[in-house]
A.B. asks: 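Sharing a structure here in C-alpha cells format.
Each ligand, and each atom within it, is numbered from 1 in the order the structure gives.
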Amino acid sequence: MYTPTPQDRFTFGLWTVGNRGRDPFGVETRPPVDPVDIVHMLAEIGAWGVNLHDNDLVPIDATPSERDAIVARFTKALDDTGVQFVMGTVNLFTDPVFKDGAFTSNVPEIRRYALRKTIEAIDLAAELGGKIFVLWGGREGAEVNAAKNPMDAVKRFREALNYLCEYVIDQGYEMKFALEAKPNEPRGDIYFSSTGAYLALIPTLEHPDMVGVNPEFAHETMAGLSFHHIVAQALEQGKLFHIDLNDQKIGRFDQDLRFGSENYKESFFLVKVLEDGGYDGPLHFDAHAYRTEDLEGVKEFAKGCMRSYLIFKEKVHRFNEDEEIQQLLKEIQAADEEPLTYDRVRPGQLVAPDFDRRAWGAKGYAYERLDQLLFDLMMGVR
Ligand code: GLT
Ligand code: MN
Ligand code: MN
C-alpha cells in the first residue's frame, strides 16, 4: 500500500541521493556514486524520475566530446530502466567565479557567462527530454550590502530571465522555468528570500506564462513561514510548476531532511493541499540522508521519503472520508450563499441589517475538538 510506483511521480536529483555527507565542518563520509548507478537504484525503489544540475553529470571543464559521451551513457541508463528525466537546473554557485553572484553579479562579464552556462544547461535538459528548468539563485545575495544595490539585483535578475525565455522560445523548446527562493545560506542574505517575492516578480517579466515557482519545504521553514500556505497560493495562481519536498527545523541551517521526518502536521497539510488542490506535477525530494549513513542508508532515506508521502496521502484520504470530521467541518465552514458580486445600489450593506455581531463573537468554533480529531487520526488511534 505504501510502495511507490512511477504513477506516484516521485523524483530525486542526482545531488540528493548522490549527496556524500560533506558539511562545512567535515569531509565526505560516503563514496561518490556513478549517475548511471543512481538511475538504476531509483528504478529499483519505484521512483518515477531523476533531475540534475549540469555539473552533477558533466564536469564544468569537460570538452564537447567528453560531454557527449557522458550524456550518451546517461541516456542509455534512462532507456534501460524507464526512469524519466524530469527537471534540469544549472549550478551557478559552486565555482569561485560565482562567489559574489551570477545573474546579479556586479561584473557584466560574469553575468553574461552565467547566462551562457545556463543556456548550455537548458540545451542539456532539452536533449534529455526535460520540460522544467529550475533556477535557484544560491549566490545571488550579499553580506556586504555597501557593495551591492538591491534594486539593481532585481533588474538584473529580470533581465536574465527575459533573455532565457527568449532563448527557449527561439529554440522551440517546450520548457518552463521554476524559480526557487531561499532566505539565506550560502549568502548572508539571498535576494528574493521567499516564494512570495518570486510570485511578485513573475508578472513583471516579458513572458510571465513561462515562469512559475519551485518552493522548497526547508527554505520557507528556515524563515519560520508556513510552507503549505505558500504552496497553496502558488497552486491557486497556476504557478506551482515544481516542488522541493524535504523537512527542516525552524531556525536551523538548511537541513534538507528526509520528507516527513520533523514536521508531521505541516507535512500532512502540505500533502492535503497538493492532493486536494489537484497538483499533478513532479514530487521531487530535494533532501539527503544523514551524514551517518552509508549507501544502504541512502537507499532507506529515499524509500522513506516516498513511503512517508504515501502515508500522509492515505491520512488525507481518511480525513476527507471521516464522517465526524466532515460533519464538524460542515458546521464550521458555513455553506456559501450567493457569490460575492458588487452591489451598485447598496454597496455598503453586504449583510442583513439584523446581522448579530455579538452572537457571532460569542459563538464557539469547536476547533479544539477538530484539531484533536486530526491528532488522533494522524497517530493512528482513530
Ligand atoms: C542546492 C539547493 C537546493 C536547490 C538545488 C537546485 S541545489 O542543493 O540547496 O535547494 O534546489 O539548484
Ligand atoms: Mn531545493
Ligand atoms: Mn534546501
Side-chain angles (χ1 to χ4, degrees), residues 10-24 28 38 49-58 60 85-95 98 101-103 114 117-118 120-122 124-125 130 132-141 157 160-161 164 177-187 190-195 198 212-225 227 230-231 234 240-259 261-263 267 270 281-291 301 305:
F10 293 136
T11 72
F12 290 86
L14 287 182
W15 71 95
T16 64
V17 274
N19 177 283
R20 299 185 53 202
R22 188 161 60 92
D23 72 16
E28 289 81 354
I38 290 182
V50 66
N51 312 311
L52 53 82
H53 295 87
D54 49 356
N55 305 138
D56 297 340
L57 185 65
V58 183
I60 192 166
F85 175 74
V86 177
M87 176 270 272
T89 181
V90 59
N91 184 326
L92 298 177
F93 43 87
T94 298
D95 195 87
F98 301 124
F103 299 154
K117 189 172 192 292
T118 305
E120 287 167 7
I122 290 172
L124 172 63
I132 304 165
F133 198 85
V134 162
L135 287 168
W136 172 65
R139 296 272 175 203
E140 316 288 11
F157 200 83
L161 282 172
L164 293 172
F177 294 96
L179 309 178
E180 178 177 346
K182 188 173 179 182
N184 59 275
E185 199 193 321
R187 301 313 300 266
I190 297 178
Y191 301 127
F192 305 105
S193 51
S194 67
T195 301
Y198 277 135
V213 291
N214 175 40
E216 175 172 317
F217 197 125
H219 298 177
E220 307 291 321
T221 307
M222 284 168 75
L225 303 174
F227 186 56
I230 195 63
V231 167
L240 190 66
F241 288 5
H242 196 265
I243 190 163
D244 277 359
L245 303 169
N246 55 17
D247 216 330
Q248 172 76 29
K249 278 192 181 178
I250 290 182
R252 304 290 201 280
F253 62 95
D254 182 24
Q255 294 176 299
D256 294 332
L257 299 169
R258 187 183 76 254
F259 181 67
S261 59
E262 283 292 334
N263 299 284
S267 302
L270 171 65
L283 295 163
H284 172 225
F285 297 105
D286 187 9
H288 50 73
Y290 302 122
R291 193 162 179 266
F301 144 83
C305 285

A.B. asks: Of the options D244, L245, V134, T11, which is the one that meets D286 in a side chain to side chain contact (heavy atoms under 4.5 Å, CB included)?
C.D. replies: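 Checked D244, L245, V134, T11 against D286; only one passes side chain to side chain contact (heavy atoms under 4.5 Å, CB included): D244.
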A.B. asks: When the ring planes of F93 and H53 are compared, do they come out parallel, tilted or perpendicular, using 30° and 60° as the limits?
C.D. replies: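 Rings of F93 and H53: perpendicular, over 60°.
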A.B. asks: Tabulation required: pairs of a nitrogen or oxygen in ligand 1 and a protein nitrogen or oxygen under 3.5 Å; columns are atom names and distance to 0.1 Å; otherwise 'none'.
C.D. replies:
{"unit_1": "ligand 1", "atom_1": "8 (O)", "unit_2": "W15", "atom_2": "NE1", "d": "3.4"}
{"unit_1": "ligand 1", "atom_1": "10 (O)", "unit_2": "E180", "atom_2": "OE2", "d": "2.7"}
{"unit_1": "ligand 1", "atom_1": "10 (O)", "unit_2": "E216", "atom_2": "OE1", "d": "2.8"}
{"unit_1": "ligand 1", "atom_1": "10 (O)", "unit_2": "H219", "atom_2": "NE2", "d": "3.4"}
{"unit_1": "ligand 1", "atom_1": "10 (O)", "unit_2": "D286", "atom_2": "OD2", "d": "2.9"}
{"unit_1": "ligand 1", "atom_1": "11 (O)", "unit_2": "E180", "atom_2": "OE1", "d": "2.6"}
{"unit_1": "ligand 1", "atom_1": "11 (O)", "unit_2": "E180", "atom_2": "OE2", "d": "2.8"}
{"unit_1": "ligand 1", "atom_1": "11 (O)", "unit_2": "D244", "atom_2": "OD2", "d": "3.0"}
{"unit_1": "ligand 1", "atom_1": "11 (O)", "unit_2": "D286", "atom_2": "OD2", "d": "2.8"}
{"unit_1": "ligand 1", "atom_1": "12 (O)", "unit_2": "H53", "atom_2": "NE2", "d": "2.7"}

A.B. asks: Between the main-chain N or O of F253 and the side-chain N or O of E185, is there a donor-acceptor pair closer than 3.5 Å?
C.D. replies: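 Between the backbone of F253 and the side chain of E185 there is no qualifying donor-acceptor contact (under 3.5 Å).
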A.B. asks: Would you check if the side chain of N184 reaches a backbone N or O of R187 as a donor-acceptor pair within less than 3.5 Å?
C.D. replies: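 The answer is no, because no donor-acceptor pair under 3.5 Å joins these two groups.
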A.B. asks: Do the ring planes of F285 and F10 sit parallel (below 30°), tilted (30 to 60°) or perpendicular (above 60°)?
C.D. replies: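 The arrangement is tilted - the two ring planes meet at 30° to 60°.
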A.B. asks: State the atom name: nearest N, O or S atom of E180 to the Mn ion (ligand 2).
C.D. replies: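 Result for E180 and the Mn ion (ligand 2): OE2.
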A.B. asks: Would you find a donor on one side and an acceptor on the other, under 3.5 Å apart, between the side chain of K117 and the backbone of N91?
C.D. replies: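 Yes, the answer is positive, given that a donor and an acceptor are paired below the 3.5 Å cut-off.
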A.B. asks: Verify whether the ring centers belonging to F157 and Y191 lie closer than 6.0 Å.
C.D. replies: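 No.
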A.B. asks: Hey, what do you get for CG (L52) to CZ (F85), rounding to the nearest 0.5 Å?
C.D. replies: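 With rounding to 0.5 Å, CG (L52) is 4.0 Å from CZ (F85).
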A.B. asks: Taking 2.8 Å as the limit, list every protein N, O or S atom around the Mn ion (ligand 3), by chain and residue number.
C.D. replies: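 The answer is E216 OE2, H219 NE2, D254 OD1, D254 OD2, D256 OD1.
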A.B. asks: To the closest 0.5 Å, what do you measure between CD (Q248) and OG1 (T221)?
C.D. replies: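 Rounded to the nearest 0.5 Å, the CD-OG1 separation comes out at 6.5 Å.
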A.B. asks: Might you work through the side-chain hydrogen bond (donor to acceptor under 3.5 Å, both in side chains) test for E216 and N246, ending with a clear yes or no?
C.D. replies: CA-CA 7 Å; E216 175 172 317; N246 55 17; 2.8 Å; yes
